[in-house]
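Below: one structure, written as structure tokens.
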Amino acid sequence: LTEVGIGIVGLGNVGTGTLDILVENARQIEEKLGFPLRVKAICARTFDKKQLPELPASVVRTTEWKEVVAHPEVDIVVEVIGGIGVAAHLIEAALRAGKSVVTANKELIAARGAQLWSVANRAGVNLAMEASVAGGIPIHAVLREGIAGDRVIGLYGILNGTSNFILTEIEKSNSAFEAVLAEAQRLGYAEADPTADVDGLDARSKLCILAALAFGEKLTPTDIYSEGIRRILPVDFRYAHQLKHTIRLLCSAQQTPDGLLLSVRPSLIPQSTILANVSGAYNAIWVKGAYGEDTFYYGRGAGPRPTGVAVVSDLMRVAREIRFGSPERVSPFAHDRLGEYRPLPITRYQSAYYLRFRVEDKPGIIAALAGILAKHKISLDAVLQLPLENWRDLPFVITTEPATEEAIRSAVSEMTGSDFLTEPPLAMPMERGF
Ligand SMILES: NC(=O)c1ccc[n+]([C@@H]2O[C@H](COP(=O)([O-])OP(=O)(O)OC[C@H]3O[C@@H](n4cnc5c(N)ncnc54)[C@H](OP(=O)(O)O)[C@@H]3O)[C@@H](O)[C@H]2O)c1
């Protein structure tokens, strides 16, 4: 069987990881496929200082992505530049030129995946995107093939390695968020601009893609309530541990009779659950099916090689289709046909809550806060207070019985006016639905 030609646009983390694997593991890939994958063209903005594996002189090296798309021997184009501008143009151009595309671009797929898929369908080619969520975990394959026969009722994930690394470092070392972030940046776990990671936006794009695949819904990132991890203090972990919980940036998609509840937010999760043991830069996804019940997937969420494996495995699947043919392809964004579960406002969410207050100590504080909770028909579960270290900054916690997010928000906004608070209360759900 003849080779399938590959063009790679983007030679950063993922592009070089992909190229390394295609070169180093070429023999095994060929054995598994029955034919070779051959790199025909590579593209970046510059080639200086790039450590690339040795490639035949015939491989085109260019700074113009259009040359990769137009190369007659390129059958599949890999888009690993990121962002939504040039990447969208290049993917559309490749699809329209009848070339399948493999991408790692969560931001673009979350925002425009359904539309790009219709371009791919019209052109009769494939758009593979395994690497866009949880780098090394083959979760797309799981949702589209492995458990496709099930009906997903809930999906929970830890989908941002940087936030998870920072949270587990705060937990381990009892250091403040800013210090841990600076260390994560030094070690290369966090980018110079950490906004997308620590404010939950990257995780939101990933949850948007997974929830669309799992529930067959038309979703956009703005359907998902999201909150980052900047406000988490070391003391929150001490209180969480007292409650036999830990704190993670939890991505959650739950089916209810009325629709989908979708959120990305720091949450308390019981220490006894498997998700609580996901530490450092690892990712995990827990899927609950109506028939197959629980399945759990764990692995590296990012990094050149784990993500490179996802790209190369997509390349192999698409190349196999090119060589052996495939049945009519159906977009994984199946909302036109399903449309069962519309996203609901997060105010409908119901959970026990952890409320952390920072106050200047004076008498009557607990009574005042309990009075506000009672007014909003929220039952108090427990009050926790670690020994006093500084009476001007006393963090303590109230946990509540299950209440709606709406009630909690109204209570928190009323509390925020209290003169004894040194900052607005921090509210986190205590997840018990696992
Ligand atoms: N990093 C991960 O572990 C990871 C994991 C999963 C998914 N992803 C996704 O994978 C994609 C790539 O991420 P990355 O970390 O590899 O990014 P990166 O290290 O910043 O690399 C981006 C590459 O794209 C090239 N590039 C940018 N604009 C270009 C243009 N207009 N024309 C040609 N080349 C261009 C850059 O060229 P220069 O080198 O010359 O600047 C660079 O080689 C993103 O969508 C990201 O979200 C990343």
field: Donor-acceptor under 3.5 Å (Asn105 side chain, Glu79 main chain)
entry: no
field: Main-chain N/O of Gly10 paired to Arg45 side chain as donor or acceptor, under 3.5 Å
entry: no
task: Report yes or no: does Asp150 contribute a side-chain atom to a donor-acceptor pair with the main-chain N or O of Gly292 at less than 3.5 Å?
output: yes
message: Given 3.5 Å as the limit, does a donor-acceptor pair link the side chain of Asp294 with the main chain of Trp286, or not?
response: no
- request: Please examine the side chains of Leu143 and Leu210, heavy atoms only from C-beta on, and report whether any two atoms are closer than 4.5 Å.
  value: yes
message: Determine whether Val74 and Ile6 satisfy the following criterion, side-chain contact (heavy atoms from CB on, under 4.5 Å), listing intermediate values before the conclusion.
response: CA-CA 5 Å; Val74 168; Ile6 311 295; over 6 Å; no
- request: Measure the CZ-CZ distance between Arg320 and Arg317 for me, rounded to the nearest 0.5 Å.
  value: 9.5 Å
message: Any donor-acceptor pair under 3.5 Å linking the side-chain atoms of Ser252 with those of Glu431?
response: no
message: For the backbone of Val59 and the side chain of Arg61, can you confirm whether one donor and one acceptor N or O come within less than 3.5 Å of each other?
response: yes
message: Can a side-chain donor-acceptor contact be found between Tyr354 and Asp236 if the only test is distance below 3.5 angstrom?
response: yes
- line: Closest non-hydrogen atoms of Phe237 and Thr246, given as atom of the first, atom of the second and distance, are CE2-OG1, 3.7 Å
- prompt: Which pair of non-hydrogen atoms, one from Asn283 and one from Ile137, has the smallest distance, and what is that distance?
  reply: O-CD1, 3.5 Å
query: Could Lys99 and Asp75 be called an ion pair, given the rule that one side-chain N must be under 4.0 Å from one carboxylate O?
result: no
field: Residue Lys50 excluded, over 12 heavy atoms near NZ under 6.0 Å
entry: yes
message: For a quick check under 3.5 Å, do Tyr353 and Glu405 share a side-chain donor-acceptor pair by atom type?
response: yes
field: Shortest non-hydrogen contact from Leu249 toward Asp197
entry: CD2-O, 4.5 Å
task: Take Leu181 and Ile166 through the side-chain contact (heavy atoms from CB on, under 4.5 Å) test and state the conclusion after the steps.
output: CA-CA 6 Å; Leu181 171 62; Ile166 292 174; 3.8 Å; yes
task: Can you see which heavy atom on Val80 is nearest to which on Gly15, and at what distance?
output: CG2-CA, 3.7 Å
Going by atom type alone, with no hydrogens or angles, which donor-acceptor pairs under 3.5 Å involve a side-chain atom of residues 21-31 and a protein atom two or more places apart or on another chain?
from  : atom 1 : to     : atom 2 : distance (Å)
Glu24 : OE2    : Arg305 : NH2    : 3.1
Gln28 : OE1    : Lys32  : NZ     : 2.9

field: Residues Glu183, Tyr189; criterion side-chain hydrogen bond (donor to acceptor under 3.5 Å, both in side chains); working and verdict
entry: CA-CA 9 Å; Glu183 179 65 1; Tyr189 284 114; over 6 Å; no
task: Starting at SG of Cys208, measure out to CD1 of Ile109 and round the result to the nearest 0.5 Å.
output: 10.5 Å
query: In terms of side-chain heavy atoms, does Thr295 have a donor or acceptor partner in Tyr297 at a distance below 3.5 Å?
result: yes
field: Flag side-chain contact, heavy atom, 4.5 Å: Asn174 against Ile170
entry: no
message: One pair to check against side-chain contact (heavy atoms from CB on, under 4.5 Å): Leu52 and Leu19. What are the steps and the verdict?
response: CA-CA 8 Å; Leu52 302 177; Leu19 195 55; 4.1 Å; yes
query: Hey, is Lys206 close enough to Glu107 for a salt bridge, meaning N to O under 4.0 Å?
result: no
Side-chain donor-acceptor pairs under 3.5 Å in residues 121-130, sequence neighbours left out?
from   : atom 1 : to     : atom 2 : distance (Å)
Asn126 : ND2    : Glu321 : OE1    : 3.1
Asn126 : ND2    : Glu321 : OE2    : 3.2
Glu130 : OE1    : His140 : N      : 3.4
Glu130 : OE1    : Ala141 : N      : 2.9
Glu130 : OE2    : Ile139 : N      : 3.0
Glu130 : OE2    : His140 : N      : 2.9

task: May I ask you to say whether Arg38 pairs ionically with Glu73, meaning some side-chain N is under 4.0 Å from a carboxylate O?
output: no
- prompt: Would you call Leu250 and Val264 a side-chain contact if the rule is heavy atoms closer than 4.5 Å?
  reply: no
task: Would you name the heavy atoms of Leu207 and Leu159 that are closest together and state the gap between them?
output: N-CD1, 3.9 Å
task: Using modelled atom types only, decide if a donor and an acceptor are shared between the side chain of Ser267 and the backbone of Arg265 within a distance under 3.5 Å.
output: yes
- prompt: Got more than 12 heavy atoms from elsewhere within 6.0 Å of CD, Glu191?
  reply: no
message: Going by the rule side chain to side chain contact (heavy atoms under 4.5 Å, CB included), which residues pair with Asn277 if we only count those two or more places apart in sequence or in a different chain?
response: none
message: Between Asp193 and Thr195, do the side chains contain a donor N or O and an acceptor N or O under 3.5 Å apart?
response: yes
- line: d(Ser279 OG, Glu169 CD) to nearest 0.5 Å is 9.5 Å
field: Stepwise salt bridge (charged side-chain N to carboxylate O under 4.0 Å, His left out) check, Arg356 with Glu423
entry: CA-CA 10 Å; Arg356 190 257 289 143; Glu423 66 173 44; 3.0 Å; yes
- prompt: Heavy atoms, side chains only, cut-off 4.5 Å: are Val152 and Lys288 in contact?
  reply: no
query: Taking the side chain as C-beta and beyond, is there a heavy-atom pair between Leu243 and Thr399 under 4.5 Å?
result: yes
Expected output: side-chain Thr307 to main-chain Pro304 donor-acceptor under 3.5 Å: no
- request: Enter the distance from Tyr291:OH to Ile153:CD1 here, rounded to the nearest 0.5 Å.
  value: 10.5 Å
field: Approximate separation, where rounding is to 0.5 Å, of His71 NE2 and Cys43 SG
entry: 12.5 Å
message: So which atom in Leu33 and which in Met316 form the shortest heavy-atom distance, rounded to 0.1 Å?
response: CD2-O, 3.5 Å
- prompt: How many angstroms lie between CG in Leu201 and OG in Ser226, if you round to the nearest 0.5 Å?
  reply: 5.5 Å
- prompt: Counting only N and O atoms by type, is there a donor-acceptor contact under 3.5 Å from the side chain of Arg204 to the main-chain atoms of Glu227?
  reply: no
message: For Tyr225, does the six-membered ring have the charged nitrogen or CZ of Arg409 within the cation-pi criterion, i.e. under 6.0 angstrom from the centroid and within 45° of the normal?
response: yes
- prompt: Where the side chain of His89 meets the backbone of Ala87, is there a donor-acceptor pair that is under 3.5 Å apart?
  reply: no
query: Below 4.5 Å, heavy atoms only, C-beta onward: do Arg230 and Glu178 meet side chain to side chain?
result: no
message: When you measure from the side chain of Ser313 to the backbone of Ala310, do you find a donor-acceptor pair of N or O atoms at a distance under 3.5 Å?
response: no
message: Are the side chains of Thr63 and Thr46 in contact, using a 4.5 Å heavy-atom criterion?
response: no
message: Within the 3.5 Å criterion, strictly below it, is a donor on Thr347 or Glu406 matched to an acceptor on the partner's side chain?
response: no
- request: Would you check if Leu275 and Phe296 make a side-chain contact, meaning some heavy-atom pair closer than 4.5 Å?
  value: yes
query: Does atom CG of Leu187 have more than 12 heavy-atom neighbours from other groups under 6.0 Å away?
result: yes
- request: Run the numbers on Ile247 and Glu171 for side-chain contact (heavy atoms from CB on, under 4.5 Å), then give the verdict.
  value: CA-CA 9 Å; Ile247 302 166; Glu171 181 169 30; over 6 Å; no
